[in-house]
Novice: 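My questions all concern the structure below.
Chain letters run A, B, ... following the sequence lines, proteins first, then strands; residues in each count from 1. Since the model is a prediction, treat every value here as computed from it, not as a measurement.
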Amino acid sequence: MPASGQYVRFAAGISHMERNYNPQEIEATWQRVWAEQQTFRVTEDSSRPKFYCLEMFPYPSGRIHMGHVRNYAIGDVLARFKTMRGYNVLHPMGWDAFGLPAENAAIEQGVHPAQWTTQNIRYMRTQLERLGLSYDWSREVTTSEPEYYKWNQWLFLKFFEKGLAYKKRSAVNWCPSCETVLANEQVEEGRCWRCETVVVQKELEQWFFRITAYAEELLSGCDQLSAWPARVLTMQRNWIGRSIGVEVDFPLAEPLPDLPAIRIFTTRQDTIFGATFMSLAPESPLVERLVEGRPEARAVREFVARVSRQEKALRTAADREKEGVFTGACAVNPFTLEPIPIWVANFVLYEYGTGAIMAVPAHDQRDFEFASTYGILVRLVIQNPEGTLREPLAASYEEQAGTLVNSGQFSGLPVAEGKERIADFIEASGIGARTVNFRLRDWGISRQRYWGTPIPIIYCQKCGMVPVPEADLPVMLPMDVPFTGKGASPLAQAEAFVKTTCPKCKGPARRETDTMDTFVDSSWYFLRYCSPHETTRPVDPAKVDRWMAVDQYIGGIEHAVLHLLYARFFTRAVRDLGLVKVDEPFTRLLTQGMVCMETYRCEEHGWLLPAEVNKDGWRCSQCGKPVERGRVEKMSKSKKNIVDPEHLIAKYGADTARLFSLFAAPPEKDLEWSDEGVEGAYRFLGRVWRLVHELAPLIGRQQVSESAPAASVAASQSARGSAKTSPLKTPQAPPSSVTIALRRLTHKTIKKVTDDIEQEFQFNTAIAALMEFVNGLYKVDAKKMRANAELSAIREAIEALVLLLTPFAPHIAEELWAATGHATTLARQPWPRYEAALLQEEVLTIPVQVNGKVRSKVTIPADWDRDQIIEASRADAKVGEWIKGKTIKNVVYVEKRLVNIVVEG
RNA sequence: GCCGGGGUGGCGGAAUUGGCAGACGCCCGGGACUUAAAAUCCCGUGCCCCGAAAGGGGCGUGCGGGUUCGAUCCCCGCCCCCGGCACCA
């Protein structure tokens with residue numbers, strides 16, 4: 001601990017009353033103090049409850065943007081608040097440092113990705129420091145450093161041992177521009193999520209993580225996540241896509257020796273009597289088996305070749321025309337025993353279910369379209385509840401309501417029961433079984449890029465695929481590699497890296513040159529923060545037990561599926577390795593909204609930066625032409641509707657930047673940027689500054705007891721709390737009404753701000769309450785205050801104000817804390833507590849309604865009872881006007897809130 | 001199409017989930033201070049109507065119904081906006 005009095009020295013020169021609010025100066029001062037005193041360093045302290053507050057770590061792209069400011073301001077409010085509330089708070093920060101842009105920079109500018117990344121991190125860290133965020137930087141994690149990615153490799157090897165990591169040949173999404181494989185999740189509407197290039201199909205040997213092994217658990221786990229936003233849970237559930245149905249064998253009309261039947265998956269076994277044909281996915285190997293030697297073979301092969309060349313997104317677009325070709329083979333519907341034709345259809349997915357379906361055109365839109373195109377029989381087997389369906393159908397009937405018809409012994413059953421009876425029958429007759437299918441696919445982690453974690457596998461001609469022994473980790477990324485941007489990955493071209501010896505037989509061998517998807521890095525970094533310097537394991541289980549799960553995770557909605565699902569998977573996989581005890585990594589999740597701003601466009605110069613617009617006449621500052629004011633959109637470089645946080649901080653300071661980000665909208669909603677709003681936030685801080693400096697000399701005469709500085713407001717609510725334990729001196733004379741009103745305002749504000757932060761992250765209303773508090777304090781005529789009780793009340797108010805402001809605007813709070821005579825940093829001051837007794841109003845103003853409309857208000861002593869209040873209401877002159885000559889039918893009284901007199905006539 | 005979230009003054013947003021709609025901020029208007037401006041401080045500000053004024057009345061939370069003494073909030077039926085998923089059998 002620093003010697004007491006040290007802080008006073010820092011602030012001494014700035015505490016004179018005349019001094020104007022100079023954010024740049026005081027922010028630099030306090031950031032230096034925090035760094036020197038290691039104020040935010042945290043160690044495990046079992047005497048206090050823990051709180052793990054985490055914001056999604058950034059990709060070190062070069063500079064922070066307003067989205068970061070918002071994200072980290074939200075997290076910082078919470079971390080500082082919880083610290084002041086007495087929690088042992090873990091609040092770390094790090095860098096998601098592997099990824100494509102570094103490699104692109106290498107190609108375009110000739111900078112090595114490592115150097116580019118390091119520079120960016122260094123710069124962005126100073127930017128974050130200038131925001132005054134309360135991170136424990138001693139726990140900083142950088143995923144591109146061997147100390148981190150070694151453990152990616154270690155985990156990979158453990159997964160490999162357990163069969164959770166495996167390799168298979170598969171058609172992958174290939175981005176021709178990035179020259180890399182993309183996960184399904186990284187393809188958006190057929191385009192690369194990063195560069196928007198149209199994605200094509202390519203066959204490659206790929207590494208996968210068997211996330212599907214946890215599909216069931218990942219889905220059921222969603223039910224436990226009650227503190228996650230509903231829409232994120234919905235998205236996760238959709239993505240996992242569990243469906244219950246049956247698998248059934250449809251025997252071939254002419255069975256092949258080793259292929260007696262085709263297995264299909266359906267959720268609508270109740271419609272099986274309506275299955276009038278079958279469809280196979282074009283990629284299915286069964287297709288070739290069936291057509292071999294048939295006259296249809298040629299046409300089928302042509303069709304398959306044509307379809308499989310088409311890239312997937314195009315082919316699977318929902319509005320895509322249904323196309324197919326008859327194989328010449330037939331199967332037998334196991335229920336009707338009729339022969340049905342087997343087709344190949346472009347809309348059947350090979351990767352889902354069994355890659356083959358029974359087609360029920362009467363009750364499936366796709367099958368109906370297909371059957372209509374090719375003239376296939378449509379048979380109604382579900383009659384709707386009204387009984388109005390007649391053949392020929394004009395459209396498929398897909399509702400799961402009604403009764404089975406044309407379904408043999410099952411006819412007449414309601415749909416739900418038919419499903420069960422038919423499933424029973426299928427199981428009893430041994431032709432199939434109930435099954436659960438997931439939409440979720442295994443996670444392809446192979447990337448043909450340099451700037452990622454090398455996959456620790458060696459290929460030996462004799463021994464085959466050999467994992468790198470644990471002792472040889474990390475497999476280091478070689479520094480000396482070519483960056484051409486052409487052809488194979490740079491790693492594959494680095495002979496010194498590729499050529500190695502087999503760990504088993506010591507013979508010549510080659511290294512795997514694929515690197516891991518960077519989502520691997522971010523799938524467990526939150527565990528690493530708990531013991532960031534652990535050298536023998538990825539995590540120290542004792543430390544992880546102390547801190548996990550993350551109590552509050554904060555980040556963008558764009559990670560609702562990918563990152564969050566992978567992190568949930570990893571947490572379980574690592575749990576099953578015995579390193580972690582929790583199932584779910586993130587107890588509470590807050591997805592903050594986007595930061596948006598109006599866009600400006602000039603017909604000559606295209607998108608304009610806000611600074612390039614002359615706002616007087618809405619003209620382009622370059623050519624003077626009228627500027628088209630576009631809609632409010634997410635801030636983006638391409639649309640140029642951006643505000644650089646650095647400029648903002650230079651002009652107004654970090655406290656203003658933080659305050660505005662928190663005040664302009666509730667965290668989960670989109671925030672519309674407004675220069676005027678920023679001015680408003682700055683003005684407010686100036687108001688606080690002047691207020692405190694005006695009042696500081698007044699209360700300066702009073703003794704500041706450093707052991708209990710905030711205790712005047714902090715201690716009074718402890719378990720044994722009563723008026724007696726309040727350090728505020730009981731005044732000799734009865735307290736003046738001004739004193740009582742002031743203290744009431746103070747304690748009401750403490751309650752409001754505390755509740756708003758704690759309950760629903762209502763930072764905007766918490767700040768509004770602080771503004772009201774300040775407005776109220778400006779109305780107090782402090783100069784007239786002399787009595788000890790009055791001055792105590794002022795001191796209490798000012799201290800509460802500064803303490804309550806701390807999480808939002810920590811620098812100015814520290815400075816004002818010092819200016820009011822305190823010598824210890826605010827960061828660990830106890831959060832103020834309100835005294836419930838002081839909240840009580842002496843008089844109440846109650847609205848009085850007549851027939852539901854407010855006609856008057858009565859002001860009454862707070863302790864009046866129902867009858868007294870009603871009596872006063874009826875006696876009110878204005879109310880009298882409205883009830884004169886009418887019969888009172890009813891009087892509704894809401895406890896201390898409202899009177900409603902119901903009259904008739 | 002399915003799922004989720006929304007729709008409140010000129011604007012961003014409040015409202016203890018059935019009890020004074022519009023807190024707080026922005027914008028705008030007025031005043032004080034100033035030689036003047038900026039800054040600052042104070043006051044006003046949903047819309048419409050009556051009134052010279054003090055006051056008073058009506059309307060108002062996307063639209064139409066309903067429940068209730070009373071609805072931004074609950075129910076039914078629509079309209080619109082945003083986000084996600086989308087041939088998953």
Novice: Answer yes or no: are there more than 12 heavy-atom neighbours, outside A/Lys896 itself, under 6.0 Å from its atom NZ?
Specialist: yes

Novice: Could you measure the distance from the NZ atom of A/Lys322 to the CD atom of A/Glu369? Nearest 0.5 Å is fine.
Specialist: 4.5 Å

Novice: Just checking A/Lys878: base, sugar-phosphate only, or nothing, at a heavy-atom cut-off of under 4.0 Å?
Specialist: sugar-phosphate

Novice: Once you measure the plane-to-plane angle for A/His559 and A/His563, does it fall in the parallel (<30°), tilted (30-60°) or perpendicular (>60°) bin?
Specialist: perpendicular

Novice: When all nucleic acid strands are considered with a 4.0 Å heavy-atom cut-off, which category describes A/Gly680: base, sugar-phosphate, or nothing?
Specialist: sugar-phosphate

Novice: Need one value for A/Thr267: base, sugar-phosphate or nothing, where a base atom within 4.0 Å counts as base even if backbone is also close, heavy atoms only.
Specialist: sugar-phosphate

Novice: Has A/Arg439 got a side-chain N or O lying under 4.0 Å from the OP1 or OP2 atom of B/rA86?
Specialist: yes

Novice: Taking protein heavy atoms under 4.0 Å as touching, what does nucleotides 65-73 of chain B look like 5' to 3' if B marks base contact, S marks sugar-phosphate-only contact and - marks none?
Specialist: ----B----

Novice: Applying ring pair (Phe, Tyr, Trp, His ring centres under 6.0 Å) to A/Tyr352 and A/Phe438, what does each step give before you reach the verdict?
Specialist: CA-CA 8 Å; A/Tyr352 186 78; A/Phe438 293 92; 9.6 Å; no

Novice: Using atom CE of A/Met597 as one end and atom P of B/rC26 as the other, report the distance to the nearest whole Å.
Specialist: 20 Å

Novice: Which letter, B, S or -, goes with each nucleotide of nucleotides 40-48 of chain B from 5' to 3', with contact meaning a protein heavy atom under 4.0 Å?
Specialist: SSSS-----

Novice: Provide the distance between the two P atoms, one in B/rA53 and one in B/rC43, to the nearest whole Å.
Specialist: 24 Å

Novice: Please give the distance between the C1' atoms of B/rG51 and B/rG12 as a whole number of Å.
Specialist: 36 Å

Novice: Under 3.5 Å for both donor-acceptor distances, Watson-Crick or wobble: does B/rA32 have a partner, and if so which one?
Specialist: B/rU40

Novice: What's A/Ser279 touching, base or sugar-phosphate or nothing? Going by heavy atoms closer than 4.0 Å.
Specialist: nothing

Novice: Report the distance from atom CG of A/Leu219 to atom C1' of B/rC3, rounded to the nearest whole Å.
Specialist: 15 Å

Novice: Quiz question: by atom type and distance under 3.5 Å, do the side chains of A/Gln840 and A/Arg744 form a donor-acceptor pair?
Specialist: no

Novice: Does the structure show a Watson-Crick or G-U wobble partner for B/rG1, both distances under 3.5 Å? Name it, or say none.
Specialist: B/rC85

Novice: If you assign A/Ile846 and A/Trp882 each to the RNA chain B nucleotide with the nearest heavy atom, which residue ends up on the more 5' nucleotide?
Specialist: A/Ile846

Novice: Would one find a side-chain N or O of A/Lys853 under 4.0 angstrom from OP1 or OP2 of B/rG60?
Specialist: no

Novice: Give me the distance, rounded to whole Å, that separates B/rC75 from B/rG55 when you measure between the C1' atoms they each carry.
Specialist: 41 Å

Novice: Indicate whether OP1 or OP2 belonging to B/rG4 is found under 4.0 Å from a side-chain N or O atom of A/Trp228.
Specialist: no

Novice: Indicate, with a heavy-atom threshold strictly under 4.0 Å, whether A/Lys857 touches base, sugar-phosphate, or nothing.
Specialist: base

Novice: Provide the Watson-Crick or G-U wobble partner of B/rC27, both distances under 3.5 Å; none if there is no partner.
Specialist: none

Novice: P atom, B/rC26 versus B/rA39: distance in rounded Å?
Specialist: 12 Å

Novice: Going by atom types only, do A/Asp364 and A/Ser396 share a side-chain donor-acceptor pair under 3.5 Å?
Specialist: no

Novice: Using Watson-Crick or G-U wobble geometry with both distances under 3.5 Å, which nucleotide pairs with B/rC47?
Specialist: B/rG58

Novice: With no hydrogens and no angle check, do the side chains of A/Glu598 and A/Tyr600 hold a donor and an acceptor under 3.5 Å apart?
Specialist: yes

Novice: In terms of base orientation, is B/rG9 syn or anti, with the syn window spanning 90° either side of 0?
Specialist: syn

Novice: What's the closest nucleotide to the A/Thr234 side chain, out of B/rA89, B/rG4, B/rG58?
Specialist: B/rG4

Novice: Now, which nucleotide makes the Watson-Crick or G-U wobble pair with B/rG18, with each of the two distances under 3.5 Å?
Specialist: none

Novice: Between A/Asn775 and A/Arg687, is there a side-chain donor-acceptor contact under 3.5 Å, judged purely by atom types and distance?
Specialist: yes

Novice: Choosing from B/rA89, B/rC87, B/rA21, which nucleotide comes nearest the side chain of A/Val854?
Specialist: B/rA21

Novice: Closest approach of A/Arg874 and A/Ile883, non-hydrogen atoms and distance?
Specialist: O-CD1, 4.4 Å

Novice: Do NZ/NE/NH1/NH2 and the carboxylate oxygens of A/Glu420 and A/Arg434 come within less than 4.0 Å?
Specialist: yes

Novice: Please name the residue in the list A/Asp756, A/Thr749, A/Asp755 that meets the side-chain hydrogen bond (donor to acceptor under 3.5 Å, both in side chains) test with A/Lys752.
Specialist: A/Asp756

Novice: For nucleotides B/rG4 and B/rC11, find the distance between their P atoms and express it as a whole number of Å.
Specialist: 30 Å

Novice: Classify the side chain of A/Arg242 and the base of B/rC88 as holding, or not holding, a donor-acceptor pair under 3.5 Å.
Specialist: no

Novice: Compare every heavy atom of A/Thr746 with every heavy atom of A/Ala800, then report the nearest pair and how far apart it is.
Specialist: CB-CG2, 3.8 Å

Novice: Which whole number of Å gives the distance between the C1' atom of B/rA71 and that of B/rA21?
Specialist: 12 Å

Novice: Report the C-alpha separation of A/Tyr682 and A/Tyr21 in whole Å, then their side-chain angles, then the decisive distance to 0.1 Å, and conclude whether the ring pair (Phe, Tyr, Trp, His ring centres under 6.0 Å) test is met.
Specialist: CA-CA 10 Å; A/Tyr682 182 71; A/Tyr21 173 43; 5.8 Å; yes

Novice: For nucleotides 10-15 of chain B, just jot down a letter per nucleotide in 5' to 3' order: B, S or -, based on protein non-hydrogen atoms under 4.0 Å.
Specialist: --BSS-

Novice: Report yes if a side-chain nitrogen or oxygen of A/Arg231 is closer than 4.0 Å to either non-bridging phosphate oxygen (OP1 or OP2) of B/rC85; otherwise report no.
Specialist: no

Novice: Quick one: label A/Trp673 by what it contacts on the DNA or RNA (base, sugar-phosphate, nothing), any heavy atom closer than 4.0 Å.
Specialist: nothing

Novice: Take the angle between the ring planes of A/Trp443 and A/Tyr566 and call it parallel below 30°, perpendicular above 60°, tilted in between.
Specialist: parallel

Novice: What integer number of Å spans the P atoms of B/rU67 and B/rC49?
Specialist: 34 Å

